[in-house]
Amino acid sequence: MNKKIHILAIETSCDDTSVSIVLAKEKGNLLKGFKVVSNKMSSQVELHAGYGGVYPALAKREHKKNLPQVFKAATRGFDVNKIDLFAITVGPGLDPCLWTGINFIQEVLPNSKKLSVPVNHVEAHILANFLSKEIGEEEFSKKYLPAAALAVSGGHTILFRMEKIGKYELLGQTRDDAAGECFDKTARILGLGYPGGPQISELAKRYAKRKKPAVKISFPRPMLNQKNYDFSFSGLKTAALYYHKKQKPEVAGSKEYLEAMSYEIEQAITDVLVAKTLKAALNVKARSIIAGGGVSANELLRKRLGEEAKKFNLKLLLPKAVYCADNAAMIGVAAYFGYQRGEAVSDPNDLRSNPNLLI
Ligand code: KG4
Ligand code: ZN
């Protein structure tokens with residue numbers, strides 16, 4: 001029998017306020033795939049640009065202000081009584097921001113009789129790949145699992161083995177800055193805007209197109225040759241800072257220099273991410289590599305992962321660009337699986353944030 005489960009999802013863990021309605025389509029109790037009915041968001045990027053990163057108290061205030069409007073936009077023309085499940089990010093993330101979403105579910109939504117599912121944001125970034133193409137759970141498990149999963153964003157750089165959906169083994173993570181944070185911080189050093197990833201990537205592309213670049217810069221690849229699966233990006237940031245400080249003002253502001261710096265920063269970050277992910281995939285005998293998170297939108301990373309996956313006969317899943325960055329649709333997808341695992345709560349007052357939630 002065909003069945004549709006309507007999920008309303010809320011994401012407020014960092015600087016994006018997002019609300020989405022996702023439909024989980026089942027046939028004979030087996031997931032056939034998801035359909036995104038709506039996925040609305042309000043980004044605070046411009047507000048935080050001046051700080052070069054996210055300022056928690058400010059982010060909370062903005063979530064509080066924006067959530068009712070984003071909710072309205074996401075549910076416009078939709079009968080909210082049809083919702084079967086509420087999904088909410090409970091961690092990891094900024095505590096005041098997480099609570100804004102949780103409180104909204106507790107106070108505002110007419111959900112007294114409906115179940116709420118607490119969602120792990122990192123797991124959701126990886127499960128966003130269920131929105132890459134219509135794929136059922138059976139097909140996903142057969143084709144892609146076990147997988148080496150790489151969650152890369154402004155807040156996380158985590159590598160884990162995915163045995164099945166809901167069964168994860170942490171392989172490694174960053175010991176200091178996340179990959180996205182490194183993009184953002186080095187961009188700030190160079191005087192580029194926030195978020196830094198897309199800007200560095202744009203300038204790097206221009207450098208790659210230069211026929212005979214006069215400037216060549218070389219930075220370390222942190223922890224590249226170590227046996228573990230951990231990452232460390234703060235050394236790269238410091239190397240970029242010292243190098244930049246040594247430049248004469250006329251060089252430091254020049255186009256070619258900024259392009260050369262961006263190119264090397266992007267190459268260094270990508271080299272480490274790709275090498276460690278590939279090593280993990282081969283060592284844990286994965287069938288696939290699955291990536292997610294804001295940095296997985298990076299074109300060079302996508303291309304390099306594609307090349308390595310092909311070389312080693314691994315399958316590869318990358319989210320569509322709109323589902324790489326923070327969004328509530330991925331929270332809806334993860335909630336479906338959390339519900340299947342019995343993680344839903346009947347009283348939303350039982351929901352708690354968990355800012356340091358692990359995978
Ligand atoms: O997943 P996300 O939207 O938020 C967090 O959960 O942190 O990721 C944001 C991060 C930022 O650090 C941003 O610079 C990075 O993703 N990012 C990129 C690109 N697009 C976004 N990094 C590299 N290349 C990109 N194209
Ligand atoms: Zn995220």
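The figures here come from the full heavy-atom set of this structure, side chains too, leaving out hydrogens, waters and symmetry mates. All ligand and atom numbering here is 1-based and tracks the order in the structure.
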Say whether G180, considering both its backbone and side-chain N or O atoms, lies within less than 3.5 Å of an N or O atom on ligand 1.
yes
Could you say whether the N/O atoms of A325 and ligand 1 ever approach to under 3.5 Å?
no
Quick check on contacts: which atoms of ligand 1 are under 4.0 angstrom from a heavy atom of [X]?
X	value
H125	1 (O), 6 (O)
S153	1 (O), 2 (P), 5 (C), 6 (O), 7 (O), 8 (O)
V295	15 (C), 16 (O), 18 (C), 22 (N)
P195	13 (C), 14 (O)
G155	7 (O)

Geometric class of the [Y]/[X] ring pair [parallel <30°, tilted 30-60°, perpendicular >60°]:
X	Y	result
Y207	Y263	tilted
F219	Y243	perpendicular
F231	F233	parallel

Using a 4.0 Å heavy-atom threshold (strictly under), name the region of [X] that reaches ligand 1: side chain, backbone, both or neither.
X	value
E266	neither
H121	side chain
D184	side chain

Checking side-chain polar atoms at under 3.5 Å, does E11 have a donor or acceptor matched by the opposite partner on S13?
yes
For the residue pair Q340 / Y336, report whether a side-chain donor-acceptor contact shorter than 3.5 Å exists.
yes
Can you confirm whether N313 is buried at CG, in the sense that more than 12 heavy atoms of other residues, nucleotides or ligands lie under 6.0 Å from that atom?
no
Please check if the number of heavy atoms outside E299 that lie under 6.0 Å from its CD is greater than 12.
no
Look at the N, O or S atoms of H125, main chain and side chain alike, and state whether any lies under 2.8 Å from the Zn ion (ligand 2).
yes
Metal site the Zn ion (ligand 2): N/O/S of H156 inside 2.8 Å:
no
Heavy-atom nearest neighbour in the protein, as seen from [atom], with distance rounded to 0.1 Å:
atom	value
atom 22 (N) of ligand 1	G197 CA, 3.3 Å
atom 6 (O) of ligand 1	D326 OD1, 3.1 Å
atom 1 (O) of ligand 1	G294 N, 2.9 Å
atom 26 (N) of ligand 1	N298 CA, 3.6 Å

Any G196 heavy atom less than 4.0 Å from ligand 1:
yes
Any idea which N/O/S atom from D326 gets closest to the Zn ion (ligand 2)?
OD1
Quick check: is M162 connected to L358 through a chain of hydrophobic side chains (ILVMFWY, heavy atoms under 4.5 Å apart)?
no
Residue pair C97 / R61, side-chain heavy-atom distance below 4.5 Å:
no
K255 to Y257 six-membered ring, cation-pi geometry met (6.0 Å, 45°):
no
Of the choices G154, P198, S43, which has the non-hydrogen atom that lies closest to atom 19 (C) of ligand 1?
P198
Please test L278 against L314 for side chain to side chain contact (heavy atoms under 4.5 Å, CB included), starting from the C-alpha separation and ending with a verdict.
CA-CA 9 Å; L278 183 70; L314 292 159; 3.9 Å; yes
Could you give me the CA-CA distance, side-chain angles and deciding distance for L300 and R304, then say whether side chain to side chain contact (heavy atoms under 4.5 Å, CB included) is met?
CA-CA 6 Å; L300 179 70; R304 295 273 313 276; 4.0 Å; yes
